[in-house]
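Here's the structure, in C-alpha cells; my notes come after.
Every chain is numbered from 1 and lettered A, B, ... according to where its sequence line falls, protein lines coming before strand lines.
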Amino acid sequence: MSRTAVADAPVDRAAPPVSTLRQPRLPRWAPLGLAAVAAVLGIGIGLVGGLDSRLQWGLIAAVLYLGLTAVLASTVEGTRQAKDRLATSVIWVCFLLAVVPLASLLWETLVRGAKVLDGYFLTHSMSGVITLEPGGGIYHALIGTLEQVGLATLIAAPLGLLTAVYLVEYGTGRLAKAITFFVDVMTGIPSIVAGLFILSFWIIILDFGYSGFAGAMALAILMMPIVVRSTEEMLKLVPNELREASLALGVPKWKTIIKVVLPTAVGGITTGIMLAVARIAGESAPILLLVFGSAEINNNPFDGAQSSLPYFIYEQWALGNEASYDRAWAAALVLIAFVMILNLVARGIARWKAPKH
Amino acid sequence: MAKRIDVSGLSAYYGSFRAIDDISMTVEPRSVTAFIGPSGCGKSTFLRTLNRMHEVTNGGRVEGKVMLDDEDLYGPGVDPVSVRRTVGMVFQRPNPFPTMSIYENVAAGLRLNGDHRKKDLDEIVERSLKGANLWNEVKDRLNRPGSGLSGGQQQRLCIARAIAVEPQVLLMDEPCSALDPISTLAIEDLIGELKSRFTIVIVTHNMQQAARVSDRTAFFNLAEVGAPGKLVEIDDTERIFSNPTVQATEDYISGRFG
C-alpha cells in the first residue's frame, strides 16, 4: 500500500493540476517602477521637445504612467486586473495633482516668509515705519485677527450650536425647514456681501464708527452656517439608542441633550468650530470695509480702526516694493501657521474627547 | 416595589399607521411576563407604550389606558419623565453611554436627575452591579469606559443602570438577541432573581427563553403585513406551551408558521 503511494507521488509532481485560482501577477514594485519610467520619459520628452513648462513635463509623465500601467497590466494580468490598476493609478495621479500645488504653496510661503519673520516682526507694529524700507512688524495685525476672530467665534459658536441642537433634537415642520433653507442660503453669502450688510446697518444706519467688533459681526455671519452644518452632522451621528437609554432612565430631554448627546459629539463639534474659525481667519473683504485697517496697535476691538493678518497681507502687497513683499510673505506664513495650529488643537481635542473604547 | 400593570383598549400609531390594535391585558406584579410573536407584530411597540417611550418616536401616538396600580400613565397631567423613572427599560442592543465610565453609567440615572450624594451613590452603584451579577467582574475597573466591556457584560451594565433608579417595573426588549448563549444564560438567571423585586416584562423571539424565564406568556400576531398587531392570547406560560386555546398560538409555538 505504502509503496503505491510513494510510486504515485512523482506522477503527481510531474503533472501539477492547472490552478484556476492563480493568475500571472505583476511584481509588487511594478507601480513604483512604472512611475519612475514614466517620470524619466516625461523629463526626456520635455527636454528633447524643448518644452519650458515643468507642468507640461509632469502632465506628460502622468499620462504616460496611466497608459503604461493599462497596457502592461492588461497584457500580463488580464482585463479585470488592468481596470483595477488603472483605477488605482488614476486616484494616485489625482492625489498628486491635488497635493503638488499645496506643497508648493507651503514651500514658497515658508521660504519667502522666513526671510523677515523673527521675534521683532511678531512684537512690533508698522507704526512710524517707512514702507519702502525693511523693518516693522505684524503685532497690530495679529492682535486684530485674534480679537476679531475671537469675538466672531463668541457670537457665532453658541448661536450655531443652539441652532443645530434645535434642528436635530426638536425641529420638525415648517420652522425647521425654513431655518435649514436660510442656513443653506447663508453658506453661500460672499464675504463682501456680509461686510456690506454690516456696513450699511451698523456704520451707516446706526452710525457707529469703524471697529474690530463691526468686522467680527460680519465674520460671525460667515461663520454661523458652517458651525450649524458641521454641528448638525455631528449630532446626527449620535446613535438614537443613547438618547432612548437616557430618556428611559427618566432623564428629561434637555438634560439628555446636555449630558449625553453633546458630550458624545463634543469632539466633532469642536473640530467643526475650529475649522470654521480657520475659514474666517483668512477673510479680508469685511475687514477692509468695517475695520478700515491701521498701522498702529489698537487693543480695543470696540473702538477705532484695527488691522488684521489678511488685511495686512493685502496692504503690504499693494505697496509693491521689495520690503513690503517680504512683510506680506511673512504675514502669510504667520496666518497659515495660525490656522494650522488651530487645526492641530481641534484634532487634539477631538481625539481627547472622543468616546473611549 | 413592584406594581401591577392593567392595559385596556390600547392602540398605538406611527403617524396614521396603526401598529397595534385594541390590546387589553394584565401584568402581574413580581412575575415575568413574556411577549412572543412574529416580527412586526407590535410586541416592541406595545412594550414601549408601557413607559411612554413610544411617543419619543416621530409621529408616535397612543389611545387607550395603561393603569399602573391605580394611576393611568396616559392620564391628564402625567409627566412622561416620571413615568420612565417608575418603569425602566433595557434595550435590544447594549447601549452604555460611551463617554462615561462603568461607575458613571450605573450612576447616570441618579446623577442626571440631580442626585449627587457621593456616599449613597457608591453604595447604590455597588448594589446595582451586584444585582446585575456584574460586580465581581468589574469592581476593579469601575473607572474604565463602559464600552470596553464584552457584549454580555455591557447588557448587564445596562440592566444595572436601569435598576439603579429603583423602578417598579422593568421592561426588556429582546435583551439577549445580541448575546451568546453563555451571556444569555447569565441574563436569564438574573431575570429569575430580579422578579422577586420587580415586575418584569420581556419581549423575546426565542420561545425556549420565554418558556424558561416567564410565568405568563402573551402571544401577539398580525393578520397580514401592514395590518395592525393584535394580542392573540395571554395565559400561564405552561398552558401556552402545552395546551393553548387558540390554534394560531399552537402553530406558532410548534413552528408551523412564522
Side-chain angles (χ1 to χ4, degrees), chain A residues 161 164-177 179-180 231-272 346 348-357, chain B residues 47-48 50-59 79-102 104-115 143-149 154 157-158 161-167 170-173 178:
Chain A
L161 185 69
V165 166
Y166 172 77
L167 287 177
V168 175
E169 305 290 339
Y170 293 95
T172 46
R174 279 196 188 167
L175 182 59
K177 271 192 191 132
I179 291 175
T180 309
T231 308
E232 220 184 327
E233 293 309 317
M234 289 304 136
L235 291 179
K236 279 183 191 160
L237 285 181
V238 176
N240 221 10
E241 293 150 23
L242 294 182
R243 294 186 182 89
E244 293 200 332
S246 176
L247 291 174
L249 287 173
V251 179
K253 188 167 182 178
W254 64 273
K255 226 166 194 178
T256 298
I257 294 168
I258 292 174
K259 298 278 184 170
V260 175
V261 179
L262 287 178
T264 308
V266 75
I269 294 173
T270 332
T271 310
I349 291 175
R351 185 172 295 183
W352 170 51
K353 281 288 183 186
K356 296 149 195 120
H357 290 292
Chain B
L47 192 76
R48 290 165 65 93
L50 299 182
N51 70 342
R52 295 195 65 168
M53 284 295 288
H54 175 63
E55 64 208 52
V56 171
T57 321
N58 247 343
D79 181 3
V81 171
S82 345
V83 170
R84 291 175 202 140
R85 283 181 201 174
T86 319
V87 184
M89 190 161 192
V90 175
F91 295 84
Q92 185 170 0
R93 290 196 18 206
N95 51 3
F97 299 127
T99 52
M100 298 183 192
S101 67
I102 293 171
E104 288 167 329
N105 259 290
V106 180
L110 296 165
R111 274 204 181 152
L112 297 185
N113 286 325
D115 202 334
N143 291 318
R144 306 276 302 146
S147 39
L149 298 173
Q154 285 189 21
L157 177 64
C158 293
R161 181 175 67 185
I163 60 180
V165 291
E166 296 284 323
L170 199 55
L171 308 176
M172 299 179 145
D173 190 356

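- With a 4.5 angstrom heavy-atom cutoff, Asn58(B) touches chain A only via side-chain atoms.
- Under a 3.5 Å cut-off, the side chain of Asn95(B) and the backbone N or O of Glu241(A) do form a donor-acceptor pair.
- With hydrogens and angles ignored, the 3.5 Å screen pairs a side-chain donor or acceptor of Gln154(B) with a backbone N or O of Ser147(B).
- When the side-chain contact (heavy atoms from CB on, under 4.5 Å) test is applied to Asn240(A), the partners found at least two apart in sequence or on another chain are Arg243(A).
- Considering only residues two or more places apart in sequence or on other chains, Ala162(B) meets the side-chain contact (heavy atoms from CB on, under 4.5 Å) condition with Val90(B), Leu170(B).
- Contacts of Ser246(A) with chain B are made by both backbone and side-chain atoms, with heavy-atom separations under 4.5 Å.
- With a 4.5 angstrom heavy-atom cutoff, Pro80(B) does not touch chain A via any of its atoms.
- For Lys253(A) (side chain) and Tyr170(A) (main-chain N/O), no donor-acceptor pair under 3.5 Å exists by modelled atom type.
- If you measure heavy-atom distances from Phe97(B) to chain A, the contacts under 4.5 Å come from both the backbone and the side chain.
- No other option in Arg84(B), Met89(B), Gln92(B) has as many heavy-atom pairs under 4.5 Å with chain A as Arg84(B).
- Neither the backbone nor the side chain of Arg52(B) comes within less than 4.5 Å of any heavy atom of chain A.
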